[in-house]
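Positions are given from 1, in the same order as the sequence printed here. Atom set for the values below is all heavy atoms of this structure, side chains included, hydrogens, waters and symmetry mates excluded. Keep in mind it's a predicted model, so treat the numbers as computed, not measured.
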Amino acid sequence: MATVAELKGVLKDTLEEKGVLGHLKARIAEVFNVLDDDREPRPSLSHENLLINELIREYLEFNKYKYTASVLIADDHLRKEEQKSTNIEDLHVSQAVNR
C-alpha cells in the first residue's frame, strides 16, 4: 500500500505533466485574494509602477503564461488600471516586436 506522501508526489507529478497544477495554483491565489483583508487600504501605485506592471502582464501574455498573468491581473490595482491605455512613448523605449 502506498503512503500518503507517495500519493501526494504522484498526484503533483501528474498535475504538472498535464499542465493543471499552474491553473490550480492561480485559482487558489484568486480565492486568497478575495479573502484578503481590505480594512487596510493598499498605497496607490506610482505611474512608473503601473507601467512596470503592464510590461510584466504583456510579457506573461506574450509568452502564453496565461495562468500566471491571471494571478497578476486579479490584483485590484491592475484590474482597475488595465482599461487605461499605455503608449509606447510613456515607456521611453522603442518597440522591438511588431505583433
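Hydrophobic clustering, with ILVMFWY side chains joined whenever heavy atoms are under 4.5 angstrom apart, groups Leu60 together with Ile52. Note: the hydrophobic cluster containing Leu72 also contains Tyr59 (ILVMFWY, side chain heavy atoms under 4.5 Å, direct or indirect links).
Taking OG1 of Thr14 as the start and CD of Glu17 as the end, the distance is 5.5 Å to the nearest 0.5 Å.
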Exercise for the section: Under the side chain to side chain contact (heavy atoms under 4.5 Å, CB included) rule, what do Ile28 and Lys25 come out as? Steps first, then yes or no, please. Expected result: CA-CA 5 Å; Ile28 290 170; Lys25 286 181 178 180; 5.8 Å; no
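Looking at heavy atoms from C-beta onward, Glu61 lies in side-chain contact with Ile73 at the 4.5 angstrom threshold. At least one side-chain heavy atom of Asp13 sits under 4.5 Å from a side-chain heavy atom of Glu16. In this structure, the side chains of Lys8 and Leu11 stay at 4.5 Å or more apart for every pair of heavy atoms.
Relative orientation of the His23 and Tyr67 rings is perpendicular, given thresholds of 30° and 60° on the angle between their planes.
When all heavy atoms are compared, the tightest approach of Leu15 to Leu24 is CD1-CD1, 4.0 Å.
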